[in-house]
Amino acid sequence: MAQLSLFLVVLLALVIPIFMARFQISNVPTAVAEIIVGIVMGSSGFNLITSTHDLTFLSNLGVILLMFLSGMEIDFDLLQRKNNPKGKSQAGRTVDPLKTAITAFIGIVVMAFVLAYILRLTGLFSEVMLAAIILMTVALGVVIATLKEKDILGRPIGQTILLTAILGEVIPLLLLTIYASVNGGNAEQLWLIILLFAAAIFLLRRFKQPYLWFAKITKATTQLDIRLAFFLIFALVTVAERVGAENILGAFLAGMVMKLLEPSEATKDKLTSIGYGFFIPIFFIMTGVRLNLRSLFAHPSSLMLLPVLVIFLFIAKAPVVLTYMRYFQKKNAFAGGFLTATTITIVLPTLQVARKLHAITSTQSDAFILAAVIVCILSPIVFNSNFVLLPEDKIKEKVAIVGANAVTVPVAHDLHANWYSVKMFTDKKNQYKTYDSRVENLTFLPNLDEETLEKDGVFDGDIVVAANRADEDNIKIARIAKEKGVNRVIARLSEVDSKTLTEFNEKGIEVFNSTNVHAALMRAMIESPTVYRIMTDTKNILYSVKVKNTHYTGRQLMDLEFIDQITVSRIKRGDEWLIPRGATVIEPGDILVFSGEFKVADRVRDLLSKE
């Protein structure tokens, strides 16, 4: 029977996603489908699968890997204000995703505790802290998958929802650790949890440089990056258990440490494959197998808890809707609030901890799990049915051009409006008068000192182009922009001395020299007229795009559905340039240089750059 149970679980882990793909069931998260099938096949249904020692071990490893991969989902760049993308709301207000998410989550915390006290007062559930933790959680994995599907992960509203979900995973996990330490009789050792964070920082500092070396020497038979990941998992899980914290916190911290090591896309794919390809589906299926609905229906008090929990899980996220409505269209704010109500990944480990502490009965635990499953089914459906992408939700690269003249004004007009938001600045009154009516966003600068440039928002963009006629002005602006942390800085210089060129190369400042550009174009016209026509064609466009969409990685060029509509001229992989052939396999992080008709090229660039 034990061997049959293991076989059936592995078989179901294979069949469930195939079944969902065949019948195009996209609104229900795979994890929820696996729990439902587990319910049907377990003690609540046909009783074909029972909990065995092997399945329990694999399930426990699955939850640890789930928390590890959840930690790897945290994007630390988003938590830094300077890297926090902003956009304009429908009302014209600037949206700060981080500030909006923090405000929304504070509202969630307050509402969660209010609802938890109501549960206690009504006698339905007495553990206020535990109920509050569950009500404030957000399923980060489900949120990310849904946002990716809608292609809004990089837009202001997508970033706001994502940051809210990150807070809804990290904060409840920390609160769960405190709760478990207090209720487990280890309150006096609570301070030792600091050692867990210290261990994480130590491992990060210790392995940052070795990891870079590992990435160079790893090979198919060693897989050092994966070995390091599992070492981090078991090291931090061991430390967590030693200091009285929960092992899932150690696994989550291990994921965060791994993320800070900046692993390659290939490493992320391998870890995701190991987790979601085998161990994590077993955890979800076994969660359903252990769910005893017959016992739940036999206890009226626990059964009464179920509909209340479903309603409360939605009400707990009401502050999200109210906060989002200040910045986003009402329908989208409503949809975003419903999406943050999804709560399954942290709820299951939380209930596992609570059962171990005897803080919750098995029937109450089953009611919480079933409520989370129902909410996880409804939330993505409501989100997908109501969310409509608006023009103001689109985030573009912000370009600041200092210098309005015959060279920069046409460039500002020609930059594709779908990809770039351009602002121009000039300190010359005559240029301002000449171009003010022709340039939509032209700002006059009284001078070019650092304070004025920063005050007028020159350094708020992603790209700064210093294109005044005076080289000394452009050198000065370029240096300040790089010091302010601008991602890309381009300086227009009529004469370039070796000292300045060396300095700019070291700082990553790009140099535009009119003489060199004109000479290169003339050479292209003589030697490669086709290349020149591609560069100057008004019907077609030449693009370079970094491949981030995993749907197109691991596939041959000839197998891409749009390959007959574009021409791929070069592929850059690391520091190497490849000549593309039909059998060339696209890898994550490849930079494709291709050309095509405007609309087609736009669509291809959009598809390949999706995260």
Side-chain angles (χ1 to χ4, degrees), residues 75-89 91-102 154-156 159-160 163 327 392 394-405 407-409 411-412 415 419-436 438-494 500-501 503-512:
D75 190 344
F76 295 95
D77 289 338
L78 293 178
L79 302 178
Q80 300 177 35
R81 190 168 293 276
K82 69 177 183 179
N83 295 322
N84 197 236
K86 295 180 177 64
K88 290 288 184 181
S89 68
R93 300 175 66 180
T94 300
V95 181
D96 184 333
L98 180 58
K99 183 179 177 182
T100 308
I102 291 172
R155 305 170 194 267
Q159 294 290 289
T160 305
L163 284 165
Y327 301 98
E392 60 268 18
K394 186 174 179 62
I395 190 167
K396 308 174 185 180
E397 278 197 284
K398 297 177 182 177
V399 182
I401 302 176
V402 182
N405 49 59
V407 174
T408 58
V409 171
V411 170
L415 282 173
W419 304 102
Y420 301 100
S421 171
V422 183
K423 284 187 177 181
M424 295 196 71
F425 303 85
T426 181
D427 64 322
K428 307 292 189 295
K429 285 189 177 180
N430 61 327
Q431 290 180 345
Y432 183 77
K433 290 177 181 177
T434 302
Y435 295 110
D436 186 33
R438 295 167 55 186
V439 178
E440 185 177 350
N441 291 310
L442 180 61
T443 302
F444 176 71
L445 301 171
N447 55 65
L448 294 177
D449 61 56
E450 182 177 337
E451 185 179 348
T452 303
L453 292 168
E454 188 165 17
K455 180 183 176 184
D456 284 295
V458 173
F459 308 126
D460 291 343
D462 304 292
I463 303 172
V464 169
V465 180
N468 256 343
R469 294 211 177 270
D471 282 4
E472 58 268 23
D473 288 342
N474 296 334
I475 292 171
K476 172 186 172 183
I477 294 166
R479 284 172 177 162
I480 297 172
K482 208 62 186 175
E483 288 172 5
K484 295 294 180 183
V486 177
N487 186 29
R488 287 188 63 198
V489 179
I490 302 170
R492 176 190 177 190
L493 302 177
S494 55
T500 303
L501 189 61
E503 177 199 345
F504 278 20
N505 285 337
E506 289 175 353
K507 291 182 176 179
I509 298 172
E510 302 165 59
V511 175
F512 171 84

**Student:** Under the side chain to side chain contact (heavy atoms under 4.5 Å, CB included) rule, what do Leu445 and Leu453 come out as? Steps first, then yes or no, please.
**Tutor:** CA-CA 8 Å; Leu445 301 171; Leu453 292 168; 3.8 Å; yes

**Student:** Would Arg479 and Phe504 count as a side chain to side chain contact (heavy atoms under 4.5 Å, CB included) here? Give the steps.
**Tutor:** CA-CA 8 Å; Arg479 284 172 177 162; Phe504 278 20; 4.3 Å; yes

**Student:** When you look at Met424 and Val409, which way does the side chain to side chain contact (heavy atoms under 4.5 Å, CB included) test go after all the steps?
**Tutor:** CA-CA 8 Å; Met424 295 196 71; Val409 171; 4.2 Å; yes

**Student:** Between Leu163 and Pro97, which heavy-atom pair has the shortest distance, and what is it?
**Tutor:** CD1-C, 3.7 Å

**Student:** About how many Å separate OG1 of Thr426 and CD1 of Ile401, when rounded to the nearest 0.5 Å?
**Tutor:** 12.0 Å

**Student:** For the NZ atom of Lys482 and the CD1 atom of Ile480, what is their distance to the nearest 0.5 Å?
**Tutor:** 14.0 Å

**Student:** Suppose the criterion is salt bridge (Lys or Arg N to Asp or Glu O under 4.0 Å): which pairs have a residue in residues 442-455, not counting sequence neighbours?
**Tutor:** Glu450-Lys484, Glu454-Lys484

**Student:** Within the side chain of Lys476, is there an N or O that forms a donor-acceptor pair under 3.5 Å with the backbone of Leu448?
**Tutor:** yes

**Student:** Look at the side chain of Asp427 and the backbone N and O of Asn447, then say whether any donor-acceptor pair between them is shorter than 3.5 Å.
**Tutor:** no

**Student:** With sequence neighbours excluded, tell me which residues meet side chain to side chain donor-acceptor pair (under 3.5 Å) with Lys428.
**Tutor:** none

**Student:** Mind checking what makes salt bridge (charged side-chain N to carboxylate O under 4.0 Å, His left out) contact with Lys433, not counting sequence neighbours?
**Tutor:** none

**Student:** Check the pair Ile475, Thr500 against side chain to side chain contact (heavy atoms under 4.5 Å, CB included), reporting the backbone distance first and the verdict last.
**Tutor:** CA-CA 8 Å; Ile475 292 171; Thr500 303; 4.2 Å; yes

**Student:** Whether the side chain of Asn474 engages the backbone of Asn468 through a donor-acceptor N/O pair (distance < 3.5 Å, no angle test) should be reported.
**Tutor:** yes

**Student:** Which atom names give the shortest non-hydrogen contact between Ala400 and Phe425, and what distance separates them?
**Tutor:** CB-CE1, 3.8 Å

**Student:** Can you name the residues that form a side chain to side chain donor-acceptor pair (under 3.5 Å) with Glu483, not counting sequence neighbours?
**Tutor:** none

**Student:** Looking at Asn441, Val458, Asp456, Thr443, which hits side-chain contact (heavy atoms from CB on, under 4.5 Å) with Lys423?
**Tutor:** Asn441

**Student:** Nearest 0.5 angstrom please: Asp462 CG to Asn487 CG, how far?
**Tutor:** 6.5 Å

**Student:** Heavy atoms only: give me the nearest Ile509-Ala491 pair and the separation to one decimal.
**Tutor:** CG2-CB, 4.4 Å

**Student:** Using the test side chain to side chain donor-acceptor pair (under 3.5 Å), find all partners of Arg469 that sit at least two apart in sequence or belong to another chain.
**Tutor:** none

**Student:** So which heavy atom on Ala467 is nearest to which on Asn405, and how close?
**Tutor:** O-ND2, 3.0 Å

**Student:** Taking only residues two or more places apart in sequence, or in another chain, which ones meet Asp460 in a side chain to side chain donor-acceptor pair (under 3.5 Å)?
**Tutor:** none

**Student:** When you measure from the side chain of Thr434 to the backbone N and O of Asn430, does any donor-acceptor pair fall under 3.5 Å?
**Tutor:** yes

